[in-house]
Number of protein chains: 2
Amino acid sequence: MGVEETTAPVANVPWQQITPDAARRLVIAAVEAFAERGYHATTTRDIAGRAGMSPAALYIHYKTKEELLYQISSVGHCLALRLLEDASSGEGTPADRLAAAVRAFTRWHAEHHTTARVVQYELGALSEEHLAEIVDLRRRTDRVVRGIIQQGVDAGDFAVPDLAGTTLAVMSLCIDVARWFGSERRRSPEELGGLYADLVLRMVRPAAC
Amino acid sequence: MGVEETTAPVANVPWQQITPDAARRLVIAAVEAFAERGYHATTTRDIAGRAGMSPAALYIHYKTKEELLYQISSVGHCLALRLLEDASSGEGTPADRLAAAVRAFTRWHAEHHTTARVVQYELGALSEEHLAEIVDLRRRTDRVVRGIIQQGVDAGDFAVPDLAGTTLAVMSLCIDVARWFGSERRRSPEELGGLYADLVLRMVRPAAC
DNA sequence: GCTTGGCCTAAGCGCTTGCTCAGCCATGAC
DNA sequence: GTCATGGCTGAGCAAGCGCTTAGGCCAAGC
């Protein structure tokens with residue numbers, strides 16, 4: 001509903017793939033509102049108002065308020081997955097690729113922290129079927145990162161006693177950026193990505209030398 | 001309202017300091033409900049029902065639904081702060097104390113992940129005055145952890161290029177446990193505390209030897 | 001035995017919520 | 001011209017919300 005199946009490159013302008021224009025304006029308004037106050041505290045009147053429409057206009061483009069959330073969650077998760085897959089299939093050592101993945105994933109959560117907040121913290125409001133789809137996307141995301149770390153271990157570059165646990169910690173660190181980013185202004189998404197890539201490499205590096 | 005000022009030891013039985021019994025039952029019911037569905041999606045009827053009372057009984061013990069949230073948030077933040085202060089003022093090297101702090105903080109977020117979820121993710125629903133109080137508690141919490149890391153740097157035990165950023169990352173890692181813990185059963189709070197203490201020590205350890 | 005005060009309930013008030021519906025208006029095909 | 005169509009609005013419905021009120025029950029104090 002509103003998303004075109006496309007192999008077009010991931011745009012830097014967000015939500016470009018959503019048409020028509022009114023549907024896109026609604027999604028952007030919903031992201032803002034959901035990020036600010038949460039899904040349940042946001043009214044359909046508020047969303048429609050931010051998009052410059054009457055409440056009824058929302059239901060021409062989306063069957064329910066939940067479908068709007070699903071749209072945001074779906075697009076966001078697909079984007080995050082593609083970011084990680086790109087980093088994973090890049091050039092260089094496992095350390096290079098892990099650093100690239102963490103940098104990209106962190107940057108995305110910082111740069112689009114409003115979207116990321118909705119994507120990461122409002123899963124509970126999805127319907128059962130929609131949630132199942134999203135959970136599957138998250139599993140795939142996890143697998144990509146675990147794969148990179150596994151390769152580093154196999155190559156002898158990393159020393160990781162608990163692969164699943166370390167993967168979880170790495171993902172968790174990046175995701176939590178969405179929670180606090182914006183409340184402290186001093187750090188840019190790029191700087192943060194660099195810092196986090198460094199910290200993660202330290203986590204997987206062998207202790208002795 | 002319901003909290004006794006006390007220097008008694010932190011009890012393992014949660015909410016023991018809240019009297020009378022009915023007020024405590026309400027708090028416990030509210031924690032469950034808020035953690036499951038979020039503050040805004042929880043009704044006062046649901047809370048009262050879980051506590052075995054009529055909706056009106058809630059308002060004998062708490063002026064508003066928000067005051068219940070504040071109670072939970074306040075007690076939770078004080079508890080977390082005390083955990084970290086205890087670890088910070090303990091014996092041993094900075095590395096020992098940092099490990100102890102991370103282990104305790106992580107364990108708490110895992111063991112009481114329902115409470116922690118409310119404490120960490122429902123701040124936005126607090127009133128302005130209550131939020132200000134809580135934000136102050138969080139600043140103090142942050143300072144404690146930064147203090148430990150600073151001591152390690154001063155002693156030459158740690159090599160940390162960005163003190164504030166690393167502190168943020170350490171706290172963030174522990175806090176995010178509340179988001180996902182419970183969805184994967186395999187790990188106990190103790191194991192997770194050990195794993196995270198190890199990962200954090202790796203993050204602050206000097207690279208060369 | 002009566003009063004007091006703490007704790008509770010049934011009923012419901014005023015309001016907001018997600019969502020619907022009848023109808024308006026610009027556009028484009030014929 | 002005319003008629004269908006897609007995008008939109010104003011008005012409003014049924015349900016559910018946070019919270020209040022009037023009053024009942026019962027143990028403790030005198």
Side-chain angles (χ1 to χ4, degrees), chain A residues 1-4 15 18-34 36-73 118 122 124-131, chain B residues 1-4 15 18-34 36-73 118 122 124-131:
Chain A
M1 185 135 299
V3 181
E4 287 168 5
W15 313 114
I18 294 176
T19 55
D21 182 69
R24 182 170 48 249
R25 266 158 49 219
L26 281 167
V27 166
I28 292 170
V31 166
E32 279 177 23
F34 291 164
E36 260 176 43
R37 313 136 86 106
Y39 176 82
H40 287 293
T42 299
T43 68
T44 54
R45 283 167 234 269
D46 183 21
I47 297 169
R50 285 178 197 240
M53 307 182 205
S54 79
L58 194 153
Y59 292 89
I60 292 158
H61 301 283
Y62 296 96
K63 279 202 292 282
T64 62
K65 175 178 153 189
E66 188 269 346
E67 200 176 88
L68 248 173
L69 175 64
Y70 168 65
Q71 174 89 156
I72 294 163
S73 203
V118 179
E122 304 291 344
L126 288 168
S127 75
E128 217 167 309
E129 302 85 36
H130 287 162
L131 180 60
Chain B
M1 185 134 296
V3 181
E4 288 168 4
W15 313 113
I18 294 176
T19 56
D21 183 69
R24 182 169 49 248
R25 265 159 47 220
L26 281 167
V27 166
I28 291 169
V31 166
E32 278 177 23
F34 290 164
E36 260 177 43
R37 312 137 86 106
Y39 175 80
H40 287 293
T42 300
T43 68
T44 54
R45 287 158 171 76
D46 182 22
I47 297 169
R50 285 179 196 240
M53 307 182 206
S54 79
L58 194 153
Y59 294 89
I60 292 158
H61 301 283
Y62 296 96
K63 279 203 291 284
T64 62
K65 177 179 151 188
E66 187 269 345
E67 199 175 88
L68 247 173
L69 175 64
Y70 168 65
Q71 174 90 155
I72 293 163
S73 202
V118 180
E122 303 292 342
L126 288 169
S127 74
E128 217 168 309
E129 303 85 36
H130 285 161
L131 180 60

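Since the structure is predicted, the reported quantities are computational estimates derived from the model, not experimental observations. Reminder, nothing fancy here: chain letters follow the sequence lines and each chain counts from 1.
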Open item on the list: I need a per-nucleotide contact map over nucleotides 11-28 of chain D, read 5' to 3'. Cutoff is protein heavy atoms under 4.0 Å; write B for the base, S for backbone only, - otherwise.
Closed with: -B----BBBBB-------

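B:His130 meets the ring pair (Phe, Tyr, Trp, His ring centres under 6.0 Å) test with B:Tyr70; sequence neighbours excluded. In terms of the salt bridge (Lys or Arg N to Asp or Glu O under 4.0 Å) criterion, residue partners of A:Glu36 (sequence neighbours excluded) are, by chain and number, A:Arg50.
Protein atom CE of B:Met53 is 17 Å distant from nucleotide atom C1' of C:dA10, rounded to whole Å. Atoms CG (B:Leu26) and C1' (C:dC7) sit 12 Å apart, rounded to a whole Å.
For the pair B:His61 and C:dG6, the criterion of a side-chain N or O lying under 4.0 Å from OP1 or OP2 is not met.
Rounding to the nearest 0.5 Å places OG1 of A:Thr43 at 7.0 Å from CZ of A:Arg37. Going from atom CH2 of B:Trp15 over to atom CD1 of B:Ile72 covers 5.5 Å, rounded to the nearest 0.5 Å. The OH atom of A:Tyr62 sits 8.0 Å away from atom CD of A:Glu67, with the distance rounded to the nearest 0.5 Å. Note that CG of A:Leu58 is 9.0 Å distant from OG1 of A:Thr64, once rounded to the nearest 0.5 Å.
The side chain of B:Ala57 sits closest to C:dC8 out of C:dC7, C:dC8, D:dC8.
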